[in-house]
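Everything on this sheet refers to the single structure shown next.
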Number of protein chains: 2
Amino acid sequence: MTGSSAGDLPPPPYRAGEKPRRSLGREAIAREALRIIDAEGIDAVSMRRVAAAFDTGPASLYAHVKNKEALLRLAFDLALEELEPVPVAADDWQAVMLRWSLGVHEMLQRHNDIAKLTFAHIPSGEAMLESTERVLGLMIGAGVPPQVAAWSLDILSLYIGADAYEGWLFGQQFGTDDPVEAEAFFGGIKDYFASLPADRFPYIVGNVAALMEGGGEERFRFGLDMFIAGIASTITR
Amino acid sequence: MTGSSAGDLPPPPYRAGEKPRRSLGREAIAREALRIIDAEGIDAVSMRRVAAAFDTGPASLYAHVKNKEALLRLAFDLALEELEPVPVAADDWQAVMLRWSLGVHEMLQRHNDIAKLTFAHIPSGEAMLESTERVLGLMIGAGVPPQVAAWSLDILSLYIGADAYEGWLFGQQFGTDDPVEAEAFFGGIKDYFASLPADRFPYIVGNVAALMEGGGEERFRFGLDMFIAGIASTITR
DNA sequence: ACCTGAACACCGTTCAAGT
DNA sequence: ACCTGAACACCGTTCAAGT
């Protein structure tokens with residue numbers, strides 16, 4: 001029997017915490033925050049919990065990020081990097097804009113309530129700047145007045161983020177993604193509208209179906225189409 | 001000297017806490033929450049602080065409201081009551097819709113970041129139901145397809161709330177309402193855009209002014225006008 | 001039904017002290 | 001520069017006990 005058989009030896013003390021303790025750093029911290037957002041949403045992110053993933057206390061994070069808000073912004077920037085670049089050679093600006101909008105919307109939906117972080121976020125990442133440049137160029141190239149193009153980009157971003165965030169909130173109001181519960185929730189609202197006195201609220205009562213229809217993707221697409229058509233109408237040839 | 005001269009008597013003990021201790025109740029609690037929102041914003045509202053205004057502890061509130069979220073919703077409903085009713089006899093639906101939108105936007109701006117509570121809020125108050133009925137009626141009466149009218153109302157509300165919320169957030173990013181600080185903040189962004197390599201980002205660099213112009217009310221109005229025009233274009237006569 | 005004190009299980013951030 | 005334990009000043013919500 002030699003010392004090389006370590007099977008029944010207690011682990012040496014300096015190896016007790018051997019699990020590959022991840023080292024800190026801006027990106028590692030932001031990535032952990034994004035992981036928590038994906039799993040449980042923004043409210044589940046706390047400095048303590050992020051720090052715990054690195055086997056340390058919350059104070060350690062402050063050497064890398066200014067505060068919690070900055071950490072969440074970094075996590076959002078990571079998510080932005082998932083976006084596919086806008087194709088360079090594309091002439092149909094309306095189709096490009098629609099596809100880009102749907103892509104952003106889908107990305108936001110993949111990350112729980114991350115859309116809440118889109119508000120007042122000024123694009124600074126490389127990828128976002130490039131998308132902005134492309135879409136702006138396509139619009140102006142097609143004859144959209146520059147001021148209209150600039151405002152349209154802002155408003156479009158606002159609409160995409162707001163719709164994604166609202167969609168998440170509605171999802172929260174009936175626990176899980178259970179479609180049965182969703183039906184019960186929206187059905188309850190429908191019944192409420194339908195139960196209003198028809199003499200005082202004829203249009204609401206008479207259009208209950210339309211008011212509840214396609215609360216999700218369909219309504220979003222409708223708004224998108226109408227907005228893009230609105231931009232197109234500003235082109236004077 | 002009779003007992004009726006109370007000037008030099010110590011206050012009787014049962015009058016020690018005489019200050020007219022406000023009694024609890026759903027509305028009183030919600031009104032206090034709204035007061036705090038107006039003064040310091042939503043994040044300043046805490047169960048403890050609201051309770052303190054009634055000289056009691058946070059547990060007392062739970063006899064009146066389910067939880068903090070419900071309390072904030074009640075506060076928002078109070079703010080909604082400030083809205084002026086949509087005029088009954090009005091034929092120009094586009095003007096009515098524009099005025100109503102601006103009214104809601106202004107109300108939200110009066111209450112700090114209360115716009116954050118507009119997301120996923122289903123109108124239930126008397127006043128809001130009546131506005132919905134009127135605007136819906138005006139649109140449908142003018143020939144807008146019911147489904148378009150219903151979706152448009154949703155999207156319009158989303159846009160109004162999102163813009164107001166984003167406006168508040170931008171206001172936060174430079175401490176107070178100091179226009180000098182605001183100029184420095186937006187000037188910094190402008191300089192950043194202008195400093196990008198012009199060969200890679202020709203459209204951004206070439207349209208810095210348009211990208212920064214009228215970040216506030218002007219851009220909001222533009223989006224509103226375009227959206228209402230979009231609705232109008234769905235009328236087939 | 002309404003109200004309360006105390007407790008539970010958390011927060012974000014700062015600070016002095018270490019390396 | 002980076003990391004840490006401990007502390008500060010808070011949170012929302014629950015619960016047993018009171019009226």
Side-chain angles (χ1 to χ4, degrees), chain A residues 13-14 16-37 39-76 112-113 116-117 169 172-173 175, chain B residues 13-14 16-37 39-76 112-113 116-117 169 172-173 175:
Chain A
Y14 58 86
E18 170 109 48
K19 86 178 109 162
R21 184 190 198 289
R22 286 193 280 157
S23 60
L24 292 175
R26 272 172 83 88
E27 190 182 325
I29 292 170
R31 216 160 274 286
E32 175 63 19
L34 182 57
R35 205 194 55 74
I36 297 173
I37 291 172
E40 299 172 49
I42 291 177
D43 288 345
V45 177
S46 78
M47 300 302 268
R48 287 172 148 81
R49 177 144 174 214
V50 170
F54 299 91
D55 294 310
T56 185
S60 302
L61 305 182
Y62 289 83
H64 303 275
V65 295
K66 191 173 165 276
N67 52 30
K68 189 185 176 180
E69 197 195 312
L71 169 56
L72 290 175
R73 264 213 23 199
L74 286 173
F76 179 65
N112 247 327
D113 57 344
K116 184 154 55 174
L117 304 175
L169 278 175
Q172 287 305 100
Q173 299 198 259
Chain B
Y14 59 85
E18 171 109 45
K19 88 176 107 165
R21 183 191 199 290
R22 286 193 280 156
S23 59
L24 293 174
R26 270 172 85 90
E27 189 180 326
I29 292 170
R31 215 161 274 286
E32 174 62 19
L34 182 57
R35 204 193 56 73
I36 298 173
I37 291 172
E40 299 171 49
I42 291 176
D43 288 345
V45 176
S46 78
M47 300 303 268
R48 287 174 147 80
R49 179 146 171 211
V50 171
F54 299 93
D55 295 310
T56 184
S60 303
L61 305 182
Y62 288 83
H64 304 274
V65 294
K66 189 171 167 278
N67 52 30
K68 189 185 176 181
E69 197 195 312
L71 169 56
L72 290 175
R73 264 213 23 199
L74 286 172
F76 179 65
N112 248 327
D113 56 344
K116 187 157 47 174
L117 304 176
L169 278 174
Q172 287 306 99
Q173 299 198 259

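Proteins come first, then strands; the chains are lettered A, B, ... in the order of their sequence lines, and each starts at number 1. In this text the structure is predicted, and so the values were computed from the model without any measurement.
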Where along residues 57-73 of chain A does a heavy atom fall under 4.0 Å from DNA chain D? A:A59, A:S60, A:H64
How about B:M47 and B:L71: do any of their side-chain heavy atoms sit closer than 4.5 Å? yes
Under the side chain to side chain contact (heavy atoms under 4.5 Å, CB included) test, which residues partner B:A52, sequence neighbours left out? none
What's the CZ-C1' distance between A:R26 and D:dC3, to the nearest Å? 17 Å
B:R48 meets the salt bridge (charged side-chain N to carboxylate O under 4.0 Å, His left out) criterion, sequence neighbours left out, with none
Gap in Å between the two C1' atoms, one belonging to D:dC10 and one to C:dC8, rounded: 15 Å
Round to a whole Å and report the spacing from CZ of B:R48 to P of C:dC11. 15 Å
Identify whether any heavy atom of A:V50 sits under 4.0 Å from a base atom; if not, whether one sits that close to sugar-phosphate; answer base, sugar-phosphate or nothing. nothing
Pairing residues for B:A28 by the side chain to side chain contact (heavy atoms under 4.5 Å, CB included) criterion, not counting sequence neighbours: B:F54
How long is the line joining CZ of B:F54 and P of C:dG5, in whole Å? 16 Å
Phosphate OP1/OP2 of D:dC11: any B:S46 side-chain N/O under 4.0 Å: yes
Atom CZ of A:R49 to atom C1' of C:dA9: distance rounded to whole Å? 15 Å
Residues in side chain to side chain donor-acceptor pair (under 3.5 Å) with A:N112, at least two apart? A:W168
DNA chain C in dot-bracket form (Watson-Crick or G-U pairs under 3.5 Å, [ ] crossing, | inter-strand) is ||.|||||...|||||.||
Among C:dC11, C:dT13, C:dT4, find the nucleotide with the atom closest to the side chain of A:M47. C:dT13
I'd like to know if the side chain of B:D113 reaches the main chain of B:G41, judged simply by a donor and an acceptor atom lying under 3.5 Å from each other, with no hydrogens or angles considered. no
What's the verdict on side chain to side chain contact (heavy atoms under 4.5 Å, CB included) for B:K116 and B:D43, showing C-alpha distance, side-chain angles and the deciding distance? CA-CA 11 Å; B:K116 187 157 47 174; B:D43 288 345; 4.1 Å; yes
Under 3.5 Å donor-acceptor pairs involving side-chain atoms of residues 59-67 of chain A, not counting sequence neighbours:
{"from": "A:S60", "atom 1": "OG", "to": "A:T56", "atom 2": "OG1", "distance (Å)": "2.6"}
{"from": "A:S60", "atom 1": "OG", "to": "A:G57", "atom 2": "O", "distance (Å)": "3.4"}
{"from": "A:N67", "atom 1": "OD1", "to": "A:E69", "atom 2": "N", "distance (Å)": "3.3"}
{"from": "A:N67", "atom 1": "OD1", "to": "A:A70", "atom 2": "N", "distance (Å)": "3.0"}

With A:R26 via salt bridge (charged side-chain N to carboxylate O under 4.0 Å, His left out) - residues at least two apart: none
